[in-house]
Amino acid sequence: MVLKRENMIKIVVIGKSGRIHCIADALHRSPQEKELYAISELRNPGLIQLCKRVDARSISTANIAPLVQIVKEINPQFVVIGPEEPLAR
């Protein structure tokens, strides 16, 4: 089932590793209408190809405040956090 444009969901993936690239790739291949965003410490070429916007700022997953701010700006319905460190805080 494909959602109409007004029902499109926004998804944010956070991470820099191959794990988050694989997750983003699987989400990208889904037939559901979505806007895929990435927040990464690195300019990952694979994420750049898959995502509408990639924030590769001088941020660290160890510093939660900038991550939260970026996610609030995007206002997604779903967030995938790749690294364990932000989840442990």
Side-chain angles (χ1 to χ4, degrees):
M1 175 180 155
V2 177
L3 297 175
K4 294 180 181 178
R5 188 115 181 117
E6 63 269 7
N7 294 329
M8 183 180 313
I9 62 169
K10 291 181 183 179
I11 302 170
V12 173
V13 293
I14 299 173
K16 61 182 177 180
S17 67
R19 176 189 335 173
I20 205 66
H21 180 262
C22 290
I23 292 169
D25 183 55
L27 290 167
H28 184 280
R29 286 185 279 119
S30 164
Q32 184 171 3
E33 285 286 321
K34 73 226 151 262
E35 291 180 345
L36 190 58
Y37 298 83
I39 301 172
S40 178
E41 295 175 47
L42 305 173
R43 293 215 28 99
N44 180 320
L47 286 178
I48 290 170
Q49 290 179 346
L50 297 172
C51 299
K52 178 175 180 169
R53 178 173 124 202
V54 177
D55 281 299
R57 305 176 186 181
S58 26
I59 59 169
S60 168
T61 54
N63 188 359
I64 301 298
L67 292 173
V68 170
Q69 183 59 40
I70 295 168
V71 171
K72 284 182 176 180
E73 290 171 12
I74 296 170
N75 193 28
Q77 288 81 20
F78 190 70
V79 178
V80 178
I81 302 173
E84 293 85 4
E85 188 173 17
L87 296 173
R89 294 179 175 252

From CG (Leu67) to NZ (Lys72), nearest 0.5 Å:
12.5 Å
Supply the atom-to-atom distance Leu36 CG to Lys52 NZ, rounded to the nearest 0.5 angstrom.
11.0 Å
Should Val80 and Val12 count as side-chain neighbours, where that means a heavy-atom distance under 4.5 Å?
no
At what distance, to the nearest 0.5 angstrom, does NE2 of His28 lie from CG of Leu47?
11.0 Å
Roughly how far apart are Ser40 OG and Ile48 CD1, rounded to 0.5 Å?
8.5 Å
If we only count heavy atoms from C-beta on, is the Leu50 to His21 side-chain gap below 4.5 Å?
yes
Do Glu35 side-chain atoms and Lys10 backbone N/O form a donor-acceptor pair below 3.5 Å?
no
Min side-chain heavy-atom separation Ile20-Ile14 under 4.5 Å
no
Using atom types as modelled and distance alone, determine if a side-chain donor or acceptor of Lys34 lies under 3.5 Å from a backbone N or O of Met8.
no
Heavy-atom side-chain contact between Val79 and Ile11 under 4.5 Å:
no
